[in-house]
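Worksheet for the structure shown next.
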Protein chains: 2
Amino acid sequence: MVVSPNSQRAPRSAAIPSIRDVAAAAGVSYQTVSRVLNDSPRVRSETRTAVLGAIERLGFRPSRAARALSLGRARGITVVTSNTVLYGYAATLQGIEEAARAEGMAMGIRVVESAEPAEVKQTVDYVSDASAGGVVVIAFDPMGTAVLEALPEHVPAVAAAEPAAPDRGRVAIALDERRAAADATEHLLALGHRTVHHVATPSEGRSSGRQAGWRDALERAGVEVPEVLSCGWDIGSAYAAGQWLSTQARTTAILCGNDDIAQGVRRALYDAGKDVPGDVSIVGFDDIPGSAYWTPALTTVRMDFAGLGQACYRAAVAELTGQAQPVPVLVPPSLVLRESTAPPPSA
Amino acid sequence: MVVSPNSQRAPRSAAIPSIRDVAAAAGVSYQTVSRVLNDSPRVRSETRTAVLGAIERLGFRPSRAARALSLGRARGITVVTSNTVLYGYAATLQGIEEAARAEGMAMGIRVVESAEPAEVKQTVDYVSDASAGGVVVIAFDPMGTAVLEALPEHVPAVAAAEPAAPDRGRVAIALDERRAAADATEHLLALGHRTVHHVATPSEGRSSGRQAGWRDALERAGVEVPEVLSCGWDIGSAYAAGQWLSTQARTTAILCGNDDIAQGVRRALYDAGKDVPGDVSIVGFDDIPGSAYWTPALTTVRMDFAGLGQACYRAAVAELTGQAQPVPVLVPPSLVLRESTAPPPSA
DNA sequence: CGCCTGAGTGTGAACGGTCACATGGCCAAG
DNA sequence: CTTGGCCATGTGACCGTTCACACTCAGGCG
């Protein structure tokens with residue numbers, strides 16, 4: 001009639017071993033095991049060996065959840081991004097992931113789809129939780145920026161991309177998009193084009209690096225700065241932008257906000273009977289894997305997203321552990337010349 | 001000289017509020033707060049209101065780490081995948097992420113780069129941890145399959161893709177790739193092609209759905225089954241496969257393992273002076289966003305990766321919470337006819 | 001010879017939740 | 001009027017780890 005007096009929550013037998021089981025097996029206290037796990041110098045090497053043996057024998061793995069609770073913050077990284085599929089975002093994500101995995105760190109992802117206060121707040125709450133660990137905010141766009149600004153100071157976070165307003169001493173790491181865009185624009189001008197049109201991604205503000213670099217180059221050359229065409233992330237809207245540009249007889253060179261946009265623009269020009277690069281030259285941005293195999297192969301700017309991700313990971317861990325900031329070394333963007341650019345028809 | 005007797009770890013003042021702070025503010029016990037958080041019916045609505053008010057006032061958010069520790073498993077999802085960038089993987093990942101976020105669930109990612117025992121073990125250890133929560137293994141390839149097989153029974157996990165050997169009652173959800181490949185192959189045969197060549201992704205085994213469907217269709221039509229060309233994930237190797245195929249005069253139709261491969265093959269044919277679809281027809285697989293804008297626009301098979309991800313998420317949560325399995329409804333793959341297929345030149 | 005120091009180890013408490021069980025009040029049935 | 005049971009709530013223990021501090025035992029020095 002009486003219930004078993006020892007009815008624990010889990011069957012104590014086949015349970016996952018804890019630090020105390022290891023301690024018992026090694027004949028030491030749980031604290032000593034903890035010290036071994038954290039490489040404390042205060043352990044006799046003999047004792048250490050015994051503990052490590054017990055760990056091996058029992059197949060013990062420290063609980064990330066318990067650590068996070070005790071430490072106040074998880075030893076891991078959460079990435080906040082507005083997108084996981086677009087190349088720039090995905091490649092940065094991959095860079096972070098590889099760096100994290102190499103060090104045995106956990107990684108989580110949280111997407112912010114809009115910059116609306118409610119969603120930004122949810123995201124901030126999410127990463128404010130102890131189990132989020134260090135935070136990397138991919139702030140290529142308004143969504144990321146909004147999160148960055150709303151983040152409480154006590155959350156260890158870094159930004160990928162330059163902050164619009166230098167943000168309360170938050171570490172920010174960025175690729176030199178301004179220089180990259182200027183290089184691409186100058187390449188087109190050097191080929192003899194009168195000016196260069198620009199089709200921008202939704203992530204670009206007027207002060208964004210890509211747009212600023214393009215404008216810089218045009219102004220330095222003293223040529224007309226055409227109005228920027230904005231389009232969405234979907235290639236369909238890039239196609240529409242391309243259609244419009246193909247009606248403008250004076251358009252001979254286009255700098256596209258990314259390679260996907262270049263693809264849509266190129267097809268629109270094709271459908272309008274314009275040859276690339278014979279009639280119009282096109283430059284993309286990002287160097288996505290397929291762009292070398294298009295017809296024509298795309299001239300574009302290669303960006304070191306993987307390096308950016310890696311640098312962000314390191315900075316986030318430094319922020320999390322309170323250690324000194326190593327200076328990140330990023331590969332500068334480079335213009336990759338292929339088949340989609342040539343002198344304008346008249347030249 | 002004496003150290004402050006109450007020097008806690010964190011400054012107790014500005015600390016993040018806990019369930020006990022809320023309890024004090026609402027004038028109830030911490031257990032009652034816990035009950036409110038878990039929608040227990042055993043709380044007077046009046047009391048509930050008071051607690052919710054206190055939660056609001058203090059800006060309290062339950063700690064995921066503490067929950068995971070107490071419950072034994074985190075309320076969240078970890079996705080195991082061999083890749084995060086390739087379209088099929090990334091799109092599935094996105095489907096999972098959206099479903100998880102909609103329910104306020106945490107999401108983590110763990111990549112397995114190889115099927116080597118050491119790496120598989122590390123991955124298994126990683127997701128065995130309580131804080132991993134439910135697990136979705138994207139088992140499109142040998143890496144995923146290896147992890148799935150090595151996963152201890154007590155880890156709540158489901159697979160995306162059919163298990164090679166039905167795996168100890170693990171839930172597995174798959175897209176009907178076999179049917180999809182058969183449809184694509186039949187489309188080419190119906191156009192008059194003698195047979196259809198196949199360039200396979202690294203993920204395909206002989207028994208994979210794509211390869212089996214292709215073979216099915218050829219055998220049903222009673223035509224020759226050419227040797228499968230295997231290539232890597234990089235488009236360069238697809239280009240090489242395309243070069244080889246362009247030397248075979250009898251090749252008039254190619255089913256590519258995915259759209260990226262189709263891109264490489266198409267460029268190789270172009271460089272060899274072969275017209276698509278005039279000389280050779282090409283069908284891709286996946287319907288990546290750009291494929292509608294290529295020249296020629298790619299005929300391909302659209303796959304509902306987002307739906308797959310969503311279904312996997314639901315199944316993983318069901319596994320995690322021990323609830324009944326809802327039957328997942330997946331959109332069947334569909335052949336999207338565009339410009340890259342036509343009757344063979346002789347016909 | 002006693003005291004101090006420090007290396008090596010152990011004990012208690014805390015992190016923020018949840019579960020099991022105890023308790024008190026109220027109403028209906030005996 | 002008692003008793004039994006249910007509803008609403010409270011108390012203690014526990015999840016697995018780390019931190020703060022206490023303790024023991026040697027060795028060096030005054």
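Reminder, nothing fancy here: chain letters follow the sequence lines and each chain counts from 1. Side chains included, hydrogens not; waters and symmetry mates left out as well; all remaining heavy atoms used.
Donor-acceptor pairing under 3.5 Å, judged by distance alone, is absent between the side chain of B:R67 and the base of C:dG16. In terms of polar N and O atoms assigned as donor or acceptor, the side chain of B:S70 comes within less than 3.5 Å of the base of C:dG17 in a complementary pairing.
A side-chain N or O of A:Y89 and one of A:D141 form a donor-acceptor pair less than 3.5 Å apart. Donor-acceptor pairing under 3.5 Å is lacking for the side chains of A:R35 and A:S40. No side-chain donor-acceptor contact under 3.5 Å links B:T84 and A:Q94.
Of all heavy-atom pairs between A:A65 and B:A68, the closest is CB-CB, 3.9 Å. What you find for B:V127 and B:A132 is that their closest heavy atoms are O-CB, 3.5 Å. Closest non-hydrogen pair, B:V171 versus B:A315, comes out as CG1-CB, 4.2 Å. When every heavy atom of B:L37 is checked against every heavy atom of B:F60, the shortest pair comes out as CD1-CE2, 3.8 Å.
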Sort me out a list of protein N/O and nucleotides 4-6 of chain C N/O pairs below 3.5 Å, or just none if empty.
none

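Heavy-atom nearest nucleotides on DNA chain D were determined for B:A66 and for B:G27, and the one closer to the 5' end corresponds to B:G27. Between A:R20 and A:P41, the residue whose closest nucleotide on DNA chain C is further toward the 5' end is A:P41.
Under 4.0 angstrom from either OP1 or OP2 of D:dT9 there lies at least one side-chain N or O belonging to B:T47.
Remark: B:E97 pairs with B:R101 by the side chain to side chain donor-acceptor pair (under 3.5 Å) rule, at least two apart or across chains.
Under the 4.5 Å side-chain criterion, counting only non-hydrogen atoms from C-beta, B:T78 is in contact with B:Y126. At least one side-chain heavy atom of B:L320 sits less than 4.5 Å from a side-chain heavy atom of B:R73.
Residue A:D129 contributes atom CG, which lies 13 Å from atom C1' of C:dC15 at whole-angstrom precision. Protein atom CZ of B:R73 is 17 Å distant from nucleotide atom C1' of C:dT18, rounded to whole Å. Rounded to an integer number of Å, the gap from B:I16 CD1 to C:dA14 C1' is 16 Å. Regarding A:I19, its CD1 atom lies at a distance of 14 Å from the C1' atom of C:dT9, rounded to whole Å. Following rounding to the nearest Å, B:L37 (CG) and C:dG17 (C1') show an atom-to-atom distance of 9 Å. As rounded to whole Å, 17 Å separates atom P of D:dA8 from atom CG of B:N38.
For the contact set between residues 48-64 of chain A and DNA chain D, defined by any heavy atom under 4.0 Å, the members are A:F60, A:R61, A:P62, A:S63. Applying a 4.0 Å cut-off to non-hydrogen atoms, the residues of residues 29-36 of chain A that approach DNA chain D are A:Y30, A:Q31, A:S34, listed by residue number.
Side-chain atoms of B:R44 lie closest to D:dT9 of the nucleotides D:dG16, D:dT9, D:dC19. Which of D:dT18, D:dG16, D:dT9 sits closest to the side chain of A:L69 comes down to D:dG16.
For residues 102-113 of chain A, the side chain to side chain donor-acceptor pair (under 3.5 Å) pairs, not counting sequence neighbours, are A:E103-A:Y313.
Two end axes, each from the C1' atoms of five base pairs, can be drawn for the helix from C:dC1-D:dG30 to C:dG30-D:dC1; they diverge by 70°, to 10 degrees.
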Using side-chain contact (heavy atoms from CB on, under 4.5 Å), reason through A:Q310 and A:I96 one step at a time and then give a plain yes or no. CA-CA 5 Å; A:Q310 198 175 341; A:I96 298 170; over 6 Å; no
Do B:I138 and B:N83 pass the side-chain contact (heavy atoms from CB on, under 4.5 Å) test, and can you show the C-alpha distance, the side-chain angles, and the key distance before you say yes or no? CA-CA 9 Å; B:I138 300 188; B:N83 192 290; over 6 Å; no
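Between the OG atom of B:S114 and the CE atom of B:M143 there is a distance of 7.5 Å, given to the nearest 0.5 Å.
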